[in-house]
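Below, chain A is the first sequence line, B the second, and so on; all start at residue 1. Just so it is clear, the structure is predicted and the values come from calculations on it, not from any experiment.
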Amino acid sequence: MRILQHRTFSGGVHPPQNKLTARLPIEDIVPPPMVVIPLQQHLGAPAEPVCQVGDMVKIGDKIGEAKGFVSVPCHASVSGTVKAVEPRLHPLGGKVLSVVIENDGKGEVSPSLVPDDGYLERSPDELRSRIREAGLAGMGGAAFPTHVKLSPPANKPIDTLIINGAECEPYLTSDHRLMLEHPREILAGVQVIVKILGCKRCFIAIEDNKPDAIETMRRAVAEGGYPYQVLPFRAKYPQGAEKQLIKAATGREVPRGGLPMDVGCLVHNVGTAKAIYEAVALRKPLVERVVTVTGAGVRSPKNLRVPLGTPFAHLFAQCGGLSEDAGKIIMGGPMMGIAQFSDEVPVIKGTSGVVVLSKAESKVPAPHPCIGCARCVDACPMKLVPTHIQTLVRHERFGMAKTYGLLDCIECGCCGFVCPAGIPFVHLMKYGKMKVYQLERAAGAKSA
Amino acid sequence: MEQERYLSASPHVSDGESIPKIMYGVVLALLPAAVGAVYFFGLKALWIILIASAAAIGSEAAVQAALHKRITIADGSALVTGILVAFNVPASVPLWMPALGAIFGIVVGKHAFGGLGYNPMNPALLGRAFLLASWPTHMTVFTAAPRGGSLSGIEPATISALGLDAVTQATPLKLLKGAREVLANSAVADPAKYADYAKAVNALYDSYGNLFWGKVGGCIGETSAFLLLVGALFLLYKRYIGWKIPFAYLGTVALLSWIFAGTDGLFSGKPLFHLLSGGVMLGAFYMATDMVTSPVTFRGRLLFGAGCGVITMIIRLIGGYPEGVCYSILLMNLTVPLLDRSTRPRILGEKK
């Protein structure tokens, strides 16, 4: 039986997969005439600009310097002239200081990109520093600086590396295509991570709705003689969520408020693994990524290799434009992605896809009061009682909401997906978390 | 720009369930039993169902109009309440009673607390409790025998053959209650009555078929376990109800009736009899499972169901009424906040 064969977690939902682009090979996009590169595309401190208006830049030139440890630099993704360094619309909301580069169309590459065949002989510190210099942040969506994850403290040894190729979000196929088209680069990146961490086992986790990817990765592992294990997981959302993946793969539970390293685990996305290989072996900074442009609102959905900073409007133009029926534009998948009010926002390091829903799909029902059906309780992969937390947040009882696990919420959206009353759960969770942090900061300031 | 109208927080997709879909699903599930009610108790049953439903919907609209609220009668929840009130009265009641019960349930049971989602107790059961407290004779004296059957569920032919007319003018639970009192005191009992009751109890235990199919007296919607189960299977399949509450409820009733409900000392009870008679099937699958008034946690639901079972059996065996489903669920409704709070599941990664 499939259930017994393939690992999974408890809870979760089965949204329609809509993987429209699963069979379409990755295409190189026609580079846009202009890119907008936000200096914050990662969690942590924003980078500081190290270029000025009028500067000539080449692909891979550093344009923003990391500020602090939890931060990464940014690089030019096209060659051309810096036109502006100013706040611009950001896909995560608001305006962020960004470098606008006019593409001269020459595609000149920075001379700093010198491949290094002997990269496996380099020390872990050297490898980490190359990864940081390349501006790597997790490419699965959350965009946490990669070098930070690769620097666990000495008292938290990592024994299990999990490479996340689950891609449980509906519609998105960028990781799927990467595994089919670049298995060797991914595994070379995995090798680098294993070397840095010195961990003893590595799982490559793929949902069983991608048998071709499982097959390809297994073959590549065998050909390369790697000691890694390719594990099929049940196709269920959110299989690719860090804590659920660790639980399913190892049976370990990341403690409340803790990190995967607390249970000796580390999770990296397949795209990040490939980028790590490019960073250490090719010395290539993170200047492009694969983006799935899809949904009923896109005339011809595609998997595109895109320079970072490409405006969404350019993506749509490369996919035959938006259809008459185009409704909501979402950065990321439909379960966790963020709705956009403008198509001027750029592709950033965490943009795994852009989904455009039809108008009918975009309509949100008016919320009703909770009728206590408990579907959210059954669906929650964190074993929370979402309906109680949302009630507490509405009543501004943030302390109690925290006791009930507000901060444990991973915002996967399963509760909102199944709610017959249309309660905006994730919105309330995010709002509640913000209030908890605000109150805790205020309390800290008072006691200090 | 066109897209400006389409902003919302994630998730941006849903599984398509809605409150009206669930409520009309419940209505659909109640339909077989409604048809059964009309078959067994005649057109009067149809009138009771129609009048209670109309009263529920009408009073909901009236309350919401009076309070200048959005009128939500289309969501189907008032209809469910109306049908359930109708199912909970005998066929012999005057027609104003189901109407009044439905109005009380909707106005006091539901909208006094803020409407759908905020009511602490099941409105239909509250409506029934109101009728039971106000007009106990109408609500507890059953006179309408089902088509082709008898009040007690014993075949009419058997009743006349054994000459049991005197003791079988009651529903099965009432008959058993009377019998237990007489049989437990054989020393003081009138010997003729004692023999009648002994025969009647045996005949009752041979009537499972009638109890299962619904050829027995009782409230119009509660008699046919079969038709109620058909609807319940649909609700379970659609996941509009879970297995936990009915399982815990029926399991507790079965266990307690086996231990305590016999006429021959401990462990002489007949679990199947207690499951098939009275309103326990209707209660376990359609009223204890009311989403609004039942717990949301796994253990909370099991405890809730078990509590309903315990109170039902206490009332049936010790209490003044032959049947205790209605009060058991209403009482357990009041424990829901406590149950939910004390049975919060262990969060992933939480140490207990």
Side-chain angles (χ1 to χ4, degrees), chain A residues 13 15-16 170 243-244 247 253-256 258 326-330 332 334-343 355 357 359 361-365 368-375 377-378 381-385 387-388 404-405 408 411 413-414 416-422 424 426-427 430, chain B residues 1-23 25 70 72 75 77 113-120 239-242 244-245 289-301 333 336-337 340-341 343-352:
Chain A
V13 295
K243 288 169 183 168
Q244 280 62 36
K247 171 85 177 164
E253 290 186 12
V254 179
R256 278 183 89 178
K328 197 188 288 175
I329 299 174
I330 302 160
M335 291 300 288
M336 285 188 78
I338 295 166
Q340 305 293 324
F341 65 88
S342 165
D343 59 4
V355 178
L357 299 179
K359 283 178 180 155
E361 291 166 333
S362 303
K363 296 214 168 81
V364 179
H368 285 266
C370 172
I371 56 163
C373 69
R375 294 160 66 89
V377 183
D378 295 336
M382 290 303 295
K383 305 277 125 214
L384 304 175
V385 183
T387 181
H388 289 170
Y404 270 73
D408 297 88
E411 298 168 22
C414 287
F417 176 78
V418 298
C419 182
V426 176
H427 176 77
K430 287 181 177 175
Chain B
M1 192 177 138
E2 193 68 46
Q3 286 76 28
E4 282 179 40
R5 284 184 287 134
Y6 299 103
L7 284 176
S8 69
S10 60
H12 305 285
V13 284
S14 112
D15 66 358
E17 287 299 348
S18 66
I19 294 174
K21 264 194 185 174
I22 293 174
M23 293 299 167
R70 192 157 56 106
T72 59
D75 71 11
S77 62
F113 294 97
L116 182 65
Y118 298 111
N119 48 301
R239 299 193 178 205
Y240 292 163
I241 61 173
K244 291 156 217 138
I245 292 173
T289 52
D290 173 18
M291 292 171 170
V292 179
T293 57
S294 62
V296 297
T297 64
F298 184 95
R299 283 176 301 149
R301 291 177 187 185
N333 283 163
V336 166
D340 267 341
R341 197 180 309 175
T343 57
R344 181 172 68 75
R346 189 183 69 87
I347 298 170
L348 192 71
E350 182 181 17
K351 295 205 170 59
K352 272 257 162 101

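- Per-residue heavy-atom pair counts under 4.5 Å with chain B were compared for Cys419(A), Pro15(A), Pro334(A), and the maximum is reached by Pro334(A).
- Considering NZ of Lys383(A) and CG of Leu348(B), their distance stands at 8.5 Å, rounded to 0.5 Å.
- Taking CD1 from Ile338(A) and CG from Leu7(B), the interatomic distance works out to 11.5 Å, rounded to the nearest 0.5 Å.
- Contact of the Thr297(B) side chain with the Val385(A) side chain is registered, since non-hydrogen atoms from C-beta on lie closer than 4.5 Å.
- A heavy-atom distance below 4.5 Å is found between the side chains of His388(A) and Val296(B).
- Ranked by heavy-atom pairs under 4.5 Å with chain B, the first of Val364(A), Val418(A), Val377(A) is Val418(A).
- Taken from CD in Glu361(A) to NE2 in His12(B), the straight-line distance is 12.5 Å, to the nearest 0.5 Å.
- Expressed to the nearest 0.5 Å, how far CD1 of Ile347(B) lies from CZ of Arg256(A) amounts to 3.5 Å.
- For a residue to count as touching a neighbouring chain, one of its non-hydrogen atoms must lie under 4.5 Å from one of that chain's; by this rule Pro381(A) touches chain B with the backbone only.
- To the nearest 0.5 Å, atoms CD (Glu350(B)) and CG (Asp408(A)) are separated by 7.5 Å.
- Counting heavy atoms from C-beta outward, Lys328(A) and Ser8(B) have side chains that approach closer than 4.5 Å.
- Note on Pro16(A), Gly332(A), Gly337(A): by heavy-atom pairs under 4.5 Å with chain B, the leading option is Gly337(A).
- Residue Arg341(B) touches chain A through both its backbone and its side chain, counting heavy-atom pairs closer than 4.5 Å.
- Interface remark: Ile371(A) contributes backbone and side-chain atoms alike to the contact with chain B (heavy atom separation under 4.5 Å).
- A heavy-atom distance below 4.5 Å is found between the side chains of Lys351(B) and Pro255(A).
- Note on Asp15(B) versus Arg375(A): salt bridge recorded, some NZ/NE/NH1/NH2 to OD/OE distance being below 4.0 Å.
- Only the side chain of Tyr118(B) comes within contact range of chain A, with at least one heavy atom under 4.5 Å from a heavy atom of that chain.
- Here the closest non-hydrogen pair linking Gly413(A) and Pro11(B) is O-CG, 3.3 Å.
- Gly349(B) and Glu253(A) get closest at one heavy-atom pair: N-OE1, 2.8 Å.
- Per-residue heavy-atom pair counts under 4.5 Å with chain B were compared for Lys247(A), Gln244(A), Met336(A), Lys363(A), and the maximum is reached by Met336(A).
- Neither the backbone nor the side chain of Cys414(A) comes within contact range of chain B, judged by heavy atoms closer than 4.5 Å.
- Among Ser14(B), Gly16(B), Gly115(B), the residue making the largest number of heavy-atom pairs under 4.5 Å with chain A is Ser14(B).
- Under the 4.5 Å side-chain criterion, counting only non-hydrogen atoms from C-beta, Leu116(B) is not in contact with Pro369(A).
- The heavy-atom pair separating Val426(A) from Ser10(B) by the smallest distance is CB-O, 3.2 Å.
- Contact of Cys370(A) with chain B is made through the backbone alone, with heavy-atom distances under 4.5 Å.
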